[in-house]
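What's counted below: heavy atoms across the whole structure, side chains too, no hydrogens, waters or symmetry copies.
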Amino acid sequence: MLSKLLFGTAVAVSTLLPASLAAPGPAKRDLNTIDLVAGDLPPYDPAQDEDGFLRLTYDAIANLREQKNLGKGKGKAKRKCNGKGKGKGKGKGCDLTKVKVRRNWKSLSNEEKKKYTGAINCLHSKPSRYDPAEVPGALNRYDDFVAVHLIQTRTIHATANFLHWHRYFIWLFEEALKEECGYDGPFPYWHWPDTAAQPYPSIVFNDGEFGLGGNGENVPHNPNGTLMGGGLIVIPVENSGGGCVTTGPFANFTVNLGPIAPTLDLVPPVTVGGQPPLTPNPRCLRRAISQWTASTWTTAPHILELLENPAFSTIGPFQSRLQGDFPNGFPGVHAAGHFTIGGDPGGDLFAAPGDPAFWVHHAQVDRVWWLWQLLDASGARYDQVAGTITMLNDPPSRNGTLDDIIEMGAVTDVTLKMKELVSTVDGPFCYIYL
Ligand SMILES: *[C@@H]1O[C@H](CO)[C@@H](O)[C@H](O)[C@H]1NC(C)=O
Ligand SMILES: *[C@@H]1O[C@H](CO)[C@@H](O)[C@H](O)[C@H]1NC(C)=O
Ligand SMILES: *[C@@H]1O[C@H](CO)[C@@H](O)[C@H](O)[C@H]1NC(C)=O
Ligand SMILES: [Cu+2]
C-alpha cells in the first residue's frame, strides 16, 4: 500500500499563481489575517516548503479566490460571502478582506504559544454551563467541550458528519478562547510530519513553557502493546510515558470526564463500578507518546496520498482513509495522531478532547479536509456527503444529509446544519490555513 503513495495528481490545481498572489507583499506584516480580495499573501518561497504543503496551500488559496471571483485583476468590487445561514444571532458573513489565518504551531511566536496555552488553562478555570444534574462531571468550561464530544461520540465518528461536526467544534473552542479568555493569536494546527520522526521532545510536545507539555512520567503500562482501532491494530510496547504529565503549561491539568473506552491499562473506565459515565472522575492528564505511531503513520506521504491519490477523490473514501481503515491495519492520520498522544484521555475516543493537544490535532484534520476541498478547483467537493448517522453504521441508520442539524450541548445554543459548515469562509466561519 505504502509503495503507491504518490500518484499523479488527478485534481485540478492551478500551477500558476495569479499575479496578485505572486507579487511581493509589503515588507513585514502580521499574518493573523489576510485580505483575500487583494490576495496579499507573502510570495511563495520554495525554500520554506520542505514537504510540498506550502505549494498545495497556495494552490488551494488561488482556487478559493477563483471560486469567489477574486482571481482576475483588481477591478472587482469587494465581495462578501453570502452568509445564507439565517440562524439565531449569526449571518454577519465573512469579510474576505479580513480572513483569519490558522497557522502551524511551530510558526507561532513564544509569546503567542504562551497566550494560547494560558487561554486553555483559563477556560479550565471558568464555570461550566451544563446543568450539574445533567452532566455532573463537567466541572469547568473546558469540560463542557469534553462533555458534548463524549455524549455524542457514537453519532460523530465514522459518520457522515465527522468532518463537519469537528470543524464546528474546534471553531467553537477557538471562539471560546477568544471571547471568554481573551486569546487574540492565531489558532494553531499540528502539522504531523513536523514531529513524525520524533514526537517527544519536539516543537509540539516538550517539557518547556512553549510547548503543549511533555510525555507522561514513565510508568510501566500496556505490557502487550496498545490497542487502536477497536483492537484491530496493536501499537508495540513502548517503555516510556503512561504517567501524569508533570511538565509544561499543563502540568497538574485535571481531567474530569471519562474515560469511557480507555486504552491505557492504568486507568479503568468510569463505567466500572456502576458509575454513570458523566460522573466526575478527577485525575491527572496522562500521556503515552508513541514514536512508533508517529513515524509509521503520520508522515507527509500519508497526507499527500489523501490529497493526490484518485482513489480518495470523493468524500467517502477520503474520510474513511483519513479516519482509519482498521480492518486493513491502516490507522489513518486521524487515529494515528490521537495515538501519537495516547494516554488518558488522549487515547479514549470518547473523552479525547480532555487532553489539550486535541485541538491542534483536529485543526490539522480540518486543514487536510480544507486542502482536499479546495484542491478541486471546480468546488464540487464542498457538498459531498457520505455515510450514515451512526458510528460505522452501528446500529444501522439512515444516510446523513447536508440538512442534518448539529447541536453542541452547553457549549453553544447555536445549532447549524451541515451545509452551513462546508466552507471555511461561509456560514459562521471566516478562516483559511497558511
Ligand atoms: C498480555 O497477554 C498475555 C498472553 O496473551 C495475557 O495472559 C495477559 O493477560 C495480557 N496482559 C494484559 C495486561 O492484557
Ligand atoms: C503541580 O502540583 C504540585 C503538587 O500540588 C505542585 O508542587 C507543583 O508546583 C504544581 N506544578 C505546577 C506547574 O503548577
Ligand atoms: C446511502 O448511501 C449509499 C452510499 O452512498 C447509497 O448506496 C444508498 O443508496 C443510500 N441509501 C439511501 C436509503 O439513500
Ligand atoms: Cu472526535
Side-chain angles (χ1 to χ4, degrees), residues 17-18 20-45 48-68 70-71 78-81 92-117 119 166-168 170-179 182-192 194 203-204 303 359-375 421 423-434:
L17 289 173
S20 56
L21 276 184
K28 260 281 183 201
R29 270 183 319 107
D30 124 42
L31 269 180
N32 293 346
T33 63
I34 72 155
D35 181 342
L36 215 52
V37 176
D40 63 345
L41 288 171
Y44 171 72
D45 178 3
Q48 295 195 6
D49 195 10
E50 299 146 38
D51 55 14
F53 281 87
L54 191 59
R55 173 79 266 162
L56 292 174
T57 298
Y58 273 60
D59 287 342
I61 292 172
N63 286 345
L64 175 59
R65 295 185 75 244
E66 291 284 336
Q67 290 164 6
K68 294 286 176 187
L70 305 172
K78 282 185 192 176
R79 285 174 56 104
K80 305 225 171 176
C81 313
K92 283 197 307 270
C94 172
D95 179 347
L96 293 180
T97 67
K98 291 194 190 79
V99 179
K100 285 181 82 168
V101 175
R102 291 185 174 178
R103 299 218 323 254
N104 188 322
W105 170 259
K106 73 180 177 188
S107 81
L108 268 60
S109 67
N110 282 344
E111 188 192 359
E112 286 171 330
K113 287 172 177 165
K114 279 204 78 153
K115 280 189 186 168
Y116 172 76
T117 54
H166 287 81
R167 169 170 285 175
Y168 188 29
I170 62 172
W171 180 82
L172 288 165
F173 187 74
E174 177 185 13
E175 287 289 295
L177 292 181
K178 182 176 72 176
E179 302 296 335
Y183 179 62
D184 58 3
F187 196 62
Y189 62 84
W190 166 27
H191 185 57
W192 310 299
D194 291 340
I203 192 82
V204 176
I303 311 173
W359 310 100
V360 291
H361 172 52
H362 263 279
Q364 169 79 348
V365 170
D366 186 62
R367 171 174 174 250
V368 173
W369 183 30
W370 177 84
L371 284 168
W372 181 87
Q373 288 180 309
L374 280 172
L375 288 175
L421 304 169
S423 165
T424 69
V425 292
D426 213 335
F429 306 126
C430 197
Y431 67 85
I432 61 162
Y433 289 95
L434 268 186

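- Rounded to the nearest 0.5 angstrom, L56 CG and D51 CG are separated by 9.0 Å.
- Shown here for Y116 and P188, the closest heavy-atom pair between the two residues is CE1-CD, 3.5 Å.
- Looking only at atom types and distance, the side chain of Y431 has a donor-acceptor partner in the side chain of D366 under 3.5 Å away.
- L108 approaches K113 most closely through the heavy-atom pair O-CE, 3.5 Å.
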Subject >> E111 and K114: CA distance, side-chain angles, deciding distance, salt bridge (Lys or Arg N to Asp or Glu O under 4.0 Å) verdict >> reply: CA-CA 5 Å; E111 188 192 359; K114 279 204 78 153; over 6 Å; no

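- Minimum heavy-atom separation, L54 to D49: N-OD1, 2.8 Å.
- Closest of all the heavy-atom pairs between A363 and F187 is CB-CE2, 4.1 Å.
- Shortest non-hydrogen contact noted between V37 and R65 is O-NH2, 2.9 Å.
- The CZ atom of F173 sits 13.5 Å away from atom NE2 of H166, with the distance rounded to the nearest 0.5 Å.
- The two residues V425 and L96 come nearest to each other via the heavy atoms CB-CD2, 4.1 Å.
- Not less than 6.0 angstrom separates the ring centroid of W105 from the ring centroid of Y189.
- Aromatic ring orientation, F53 versus H191: perpendicular (interplanar angle above 60°, classes split at 30° and 60°).
- Rounding to the nearest 0.5 Å gives a distance of 8.0 Å between CG of L36 and SG of C94.
- Note: K100 NZ to K98 NZ = 13.5 Å, rounded to the nearest 0.5 Å.
- Side-chain contact check for N104 and Y433: no donor-acceptor pair (N or O, by modelled atom type) lies under 3.5 Å.
- Taking the six-membered ring where the residue is Trp, H361 and W192 present tilted rings, their angle falling between 30° and 60°.
- At a threshold of 4.0 Å, the pair E112-K115 does not count as salt-bridged, since none of the basic side-chain nitrogens sits closer than that to a carboxylate oxygen.
- Without hydrogens or angle criteria, D40 side chain to D35 main chain gives a donor-acceptor distance under 3.5 Å.
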